[in-house]
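As structure tokens, the structure follows; a few thoughts come after it.
Chain naming here is simple, since letters A, B, ... match the order of the sequence lines and numbering starts at 1 in each.
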Protein chains: 2
Amino acid sequence: MAANSQFSMAVHVLTMLASSGEEKMKSDCVAASVNTNPVVIRRLLGQLNQANLVISQTGAAGGTRLAKCPKEINLGDIYKAVECGEVFALHAKSPNQDCPIGKNIEAVLCNLQKEIDNTVGEKLSQYTLQSVIEMVERGEV
Amino acid sequence: MAANSQFSMAVHVLTMLASSGEEKMKSDCVAASVNTNPVVIRRLLGQLNQANLVISQTGAAGGTRLAKCPKEINLGDIYKAVECGEVFALHAKSPNQDCPIGKNIEAVLCNLQKEIDNTVGEKLSQYTLQSVIEMVERGEV
DNA sequence: TCATTTGTAACTATACTGGTTACAGTTATG
DNA sequence: CATAACTGTAACCAGTATAGTTACAAATGA
């Protein structure tokens with residue numbers, strides 16, 4: 001499975017929650033749409049909860065609903081909330097520190113990594129959850 | 001190891017090649033700086049070769065050099081040349097097609113994925129290999 | 001009290017990444 | 001021309017992250 005699909009799943013989950021409005025939704029129901037296990041959904045909801053994007057309630061008649069309206073949630077918020085990895089990884093092993101290039105390249109790449117991550121976050125912030133819902137309703141576009 | 005560091009390694013490799021100018025460099029030498037196996041480097045060079053960023057020569061006294069000068073190579077070219085995965089992955093399993101949201105969300109996310117990938121490519125294109133070399137020489141910045 | 005639901009820990013299967021060995025093909029050089 | 005020194009690749013392996021699964025404690029409404 002490798003490549004991390006948490007962001008995709010998170011957008012899907014939040015779109016589902018939006019569709020039920022004020023009504024709380026159960027993890028089983030969301031899982032059925034995402035086609036995965038309810039525990040996977042609950043794990044994801046835990047992260048979205050920490051980022052104050054959703055509100056959950058335990059116990060019978062419990063469930064989860066959006067913490068804000070879909071116009072007030074943007075995809076940048078979601079990207080930051082979930083553990084999607086970085087856009088590109090740094091070296092697995094540290095480069096040779098005796099080589100002048102090996103010694104300095106990591107810091108350069110690390111700065112670049114942060115900058116690209118910001119760029120992605122900014123771009124995603126241009127889309128609200130509401131706009132995703134509209135795209136889904138229109139059947140893509 | 002999971003997260004893909006091919007882009008980072010590719011930038012490192014090309015910076016090394018740039019440092020030797022017109023001189024061909026052996027994969028062993030590059031591998032020593034990256035701190036990995038020469039085969040890993042040769043695999044990467046194969047991709048960079050297909051993208052016309054480097055020129056390799058087999059046989060004794062063989063090796064690899066840049067195909068263009070460092071000012072004419074930008075990081076967007078490198079990003080496109082190597083198999084870094086996508087910024088975020090789509091669903092592992094296809095969502096439930098009987099759910100109106102599950103049915104359409106994939107296409108929306110797929111378009112978004114392409115757009116983000118383009119955004120990253122454009123941002124990276126702002127940096128030339130030359131500028132990376134200068135950052136490395138100055139010791140980061 | 002009891003059924004229902006979330007929150008979490010623990011374990012597993014899968015698959016990707018990069019390291020390694022091995023070897024065929026190419027080429028400079030004595 | 002024989003040989004040594006490279007690259008290009010295939011094949012295999014070890015490590016690890018992802019997400020699927022089971023199990024169960026805690027919370028809560030009825």
Side-chain angles (χ1 to χ4, degrees), chain A residues 1-10 12-13 17 20 23-51 54-65 67 82-86 88-96, chain B residues 1-10 12-13 17 20 23-51 54-65 67 82-86 88-96:
Chain A
M1 306 192 170
N4 188 320
S5 60
Q6 299 223 39
F7 175 75
S8 287
M9 284 200 290
H12 189 159
V13 167
L17 295 184
S20 78
E23 286 290 301
K24 289 190 290 275
M25 206 169 208
K26 290 183 282 184
S27 62
D28 284 48
C29 176
V30 179
S33 174
V34 178
N35 195 16
T36 185
N37 193 294
V39 176
V40 172
I41 299 299
R42 293 206 290 269
R43 277 200 287 244
L44 203 46
L45 287 172
Q47 295 186 273
L48 298 173
N49 186 33
Q50 285 199 323
V54 302
I55 294 171
S56 289
Q57 193 175 15
T58 61
T64 306
R65 62 177 179 82
V82 300
E83 287 167 359
C84 354
E86 304 288 340
F88 59 86
L90 300 181
H91 295 62
K93 287 185 194 172
S94 215
N96 184 351
Chain B
M1 307 192 172
N4 188 321
S5 61
Q6 297 220 43
F7 175 74
S8 288
M9 286 200 288
H12 189 158
V13 166
L17 294 184
S20 78
E23 286 291 300
K24 288 189 293 272
M25 207 168 206
K26 290 182 283 184
S27 63
D28 284 48
C29 177
V30 178
S33 174
V34 178
N35 195 17
T36 186
N37 192 294
V39 176
V40 173
I41 299 299
R42 292 206 289 270
R43 278 201 282 243
L44 203 45
L45 287 172
Q47 296 187 275
L48 298 173
N49 186 31
Q50 284 198 325
V54 302
I55 294 170
S56 290
Q57 192 174 19
T58 59
T64 307
R65 64 178 179 80
V82 300
E83 285 168 359
C84 352
E86 303 289 340
F88 58 86
L90 300 181
H91 296 62
K93 288 184 192 171
S94 214
N96 184 350

Could you state the CG-P distance from B:L44 to D:dG8, rounded to the nearest angstrom? 12 Å
Residues passing the side chain to side chain donor-acceptor pair (under 3.5 Å) test with A:Q47, sequence neighbours excluded, are none
Proximity to DNA chain C (any heavy atom under 4.0 Å), residues of residues 27-37 of chain B only: B:T36, B:N37
All N/O contacts under 3.5 Å from nucleotides 23-27 of chain D to the protein, with atom names and distances to one decimal?
residue	atom	partner	partner atom	Å
D:dA27	O3'	A:T58	OG1	3.0

Listed partners of B:A89 passing side chain to side chain contact (heavy atoms under 4.5 Å, CB included), at least two apart: A:A3, A:S5
Sequence neighbours excluded, which residues qualify as side chain to side chain donor-acceptor pair (under 3.5 Å) partners of B:T36? none
Kindly write out the residues that satisfy side chain to side chain contact (heavy atoms under 4.5 Å, CB included) with B:T58, not counting sequence neighbours, or none if the list is empty. none
A:S20: side chain to side chain donor-acceptor pair (under 3.5 Å) partners, not counting sequence neighbours: none
What is the distance, rounded to the nearest whole Å, between atom NZ of B:K26 and atom P of C:dT27? 18 Å
Suppose we screen for side chain to side chain donor-acceptor pair (under 3.5 Å). Which residues come up paired with A:S8, at least two apart in sequence or across chains? none
I need the CD-C1' distance between B:Q6 and C:dT17, as an integer number of Å. 8 Å
Under the side chain to side chain contact (heavy atoms under 4.5 Å, CB included) test, residues paired with B:T64 that sit two or more places apart: B:L17, B:L45, B:V54, B:S56
